[in-house]
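The structure appears right after this line, and notes come after that.
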Amino acid sequence: MKDKRIDKYISDSADFAKPILNHLRTLVHTACPEAEETIKWGFPHFNYNGIMCSMAAFKRHCAFSFWKASLMNDANSFKEKNVTSMGHLGKLTTLADLPSDQLILNSIKEAMRLNDEGIKLPERKKMDHKTEVIIPDSLKKELSLNKIAYTTFNDLSPSHKREYTTWIMESKTEGTHNKRIATTIKWLSEGKSMNWKYSKK
């Protein structure tokens, strides 16, 4: 079932994104004629006995994701992709970036099967939001030298603070650590959360 809000979403997207979104939409309905469209969290989702997959257009790329990708065999083909920001088909800037139609169709059918069989995602561990966010000393030092960055960081929600601190603490070298500190201060000085690049304008 088509949703006019998705027509508008595609129409309002950048020119490069329109053919990509239209093609993905067609493939979903080819593989799953019963799929229902909706807008959830501000971007198009396709439901079939529950959430099945979604697509989104950003400033310079599109993304396509499967709700239960962690349980899908076909999704193993996409393991090297950045699934948090780029979706399970990778960073899509042209139709040529898409894998074959058959691979996408097979993946959609697998997602359908998981929903048909009522297979659920593993329960996510609940995060204790009362737990204090651990801030690296190196970040504390730089925040103390930049009032705007300090204020922005303090105004962030605990989860958004953790995005920055986890990213910094996962650095494997001192050089990477220092670069991430510098980037964090720059973005905070501009009033940005860590994932600002992927927020739809």
Side-chain angles (χ1 to χ4, degrees), residues 1-7 9-10 17 20-58 61-92 97-131 133-134 156-167 169-170 193-200:
M1 183 181 298
K2 297 289 184 74
D3 188 322
K4 290 183 179 179
R5 291 175 299 169
I6 293 183
D7 293 333
Y9 182 94
I10 295 174
I20 299 171
L21 297 175
N22 279 319
H23 190 68
L24 289 168
R25 188 185 196 185
T26 297
L27 289 177
V28 170
H29 289 291
T30 298
C32 182
E34 303 93 341
E36 295 186 358
E37 299 181 347
T38 189
I39 295 288
K40 190 176 181 67
W41 300 308
F43 55 95
H45 280 67
F46 302 93
N47 295 340
Y48 171 77
N49 292 332
I51 300 175
M52 183 172 65
C53 53
S54 62
M55 64 183 187
F58 301 101
H61 75 278
C62 296
F64 186 82
S65 301
F66 294 98
W67 185 248
K68 297 179 180 176
S70 61
L71 304 177
M72 293 170 59
N73 294 321
D74 283 346
N76 289 332
S77 304
F78 316 133
K79 275 186 175 178
E80 294 183 359
K81 307 295 185 183
N82 183 339
V83 299
T84 56
S85 62
M86 303 303 181
H88 298 109
L89 302 187
K91 187 176 182 179
L92 307 172
D97 292 329
L98 288 165
S100 70
D101 286 358
Q102 193 57 56
L103 177 58
I104 299 173
L105 291 169
N106 289 344
S107 297
I108 295 168
K109 289 176 182 177
E110 185 179 6
M112 290 173 61
R113 177 183 60 77
L114 290 172
N115 283 6
D116 273 334
E117 296 176 3
I119 297 174
K120 299 184 182 298
L121 286 166
E123 189 171 340
R124 302 176 84 177
K125 292 182 179 179
K126 293 182 179 179
M127 182 176 286
D128 183 1
H129 293 289
K130 294 181 181 179
T131 303
V133 178
I134 299 172
L156 292 175
S157 66
S159 62
H160 285 169
K161 287 179 181 176
R162 286 191 187 93
E163 287 175 354
Y164 270 124
T165 57
T166 299
W167 183 54
M169 290 189 290
E170 285 178 346
S193 63
M194 184 176 163
N195 291 317
W196 64 271
K197 290 182 180 180
Y198 309 110
S199 299
K200 186 170 175 64

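- Across all non-hydrogen atoms, the minimal contact from C32 to Y48 is SG-CD1, 3.5 Å.
- Nearest heavy atoms, Y9 versus A57: OH-N, 2.9 Å.
- Between the OG atom of S193 and the CG atom of L156 there is a distance of 7.0 Å, given to the nearest 0.5 Å.
- What you find for V28 and C53 is that their closest heavy atoms are CG2-SG, 4.0 Å.
- Between D7 and K2, every side-chain heavy-atom pair lies at or beyond the 4.5 Å cut-off.
- M52 and A35 get closest at one heavy-atom pair: CE-CB, 4.3 Å.
- With no hydrogens or angles considered, no side-chain donor-acceptor pair links H61 and D97 at under 3.5 Å.
- Using a 4.5 Å heavy-atom threshold, the side chains of M72 and S107 count as touching.
- Between F64 and F66, the ring planes lie perpendicular to each other; the angle is over 60°, past the 30° to 60° tilted range.
- Between the CG atom of L21 and the CD1 atom of I6 there is a distance of 10.0 Å, given to the nearest 0.5 Å.
- In this structure, L71 and K120 have side chains that are not in contact, with every pair of non-hydrogen atoms separated by 4.5 Å or more.
- How far OG1 of T30 is from CG of L105: 6.5 Å, rounded to the nearest 0.5 Å.
- Counting only N and O atoms by type, the side chains of E110 and N106 include no donor and acceptor under 3.5 Å apart.
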Checking side chain to side chain contact (heavy atoms under 4.5 Å, CB included) for the pair K40/I51: CA distance, chi angles, key distance, verdict? CA-CA 10 Å; K40 190 176 181 67; I51 300 175; 3.7 Å; yes

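- Taking a cutoff of 4.0 Å between a charged side-chain nitrogen and a carboxylate oxygen, D116 and K109 do not qualify as a salt bridge.
- For the atom pair OG (S65) and CG (L89), the distance works out to 7.5 Å, reported to the nearest 0.5 Å.
- Under the rule for a ring-ring contact (aromatic ring centres under 6.0 Å, His included), the partners of F46 that lie at least two apart in sequence or sit in another chain are H29.
- Looking only at distances, a side-chain donor or acceptor of T165 sits under 3.5 Å from a matching main-chain atom of R162.
- Residues I108 and A31 approach most closely at CG2-CB, 3.6 Å, considering heavy atoms.
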CA sep, side-chain torsions, deciding dist, call: N115, K68, side-chain hydrogen bond (donor to acceptor under 3.5 Å, both in side chains): CA-CA 9 Å; N115 283 6; K68 297 179 180 176; 2.8 Å; yes

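- Using bins of under 30°, 30° to 60° and over 60° for the plane-to-plane angle, the ring pair W41/F43 lands in the tilted bin.
- When every heavy atom of D3 is checked against every heavy atom of I39, the shortest pair comes out as OD2-N, 4.4 Å.
- L24 is listed as a side-chain neighbour of L92, based on a closest heavy-atom distance under 4.5 Å.
- By the 4.5 Å heavy-atom criterion applied to side chains, M55 and R25 are counted as neighbours.
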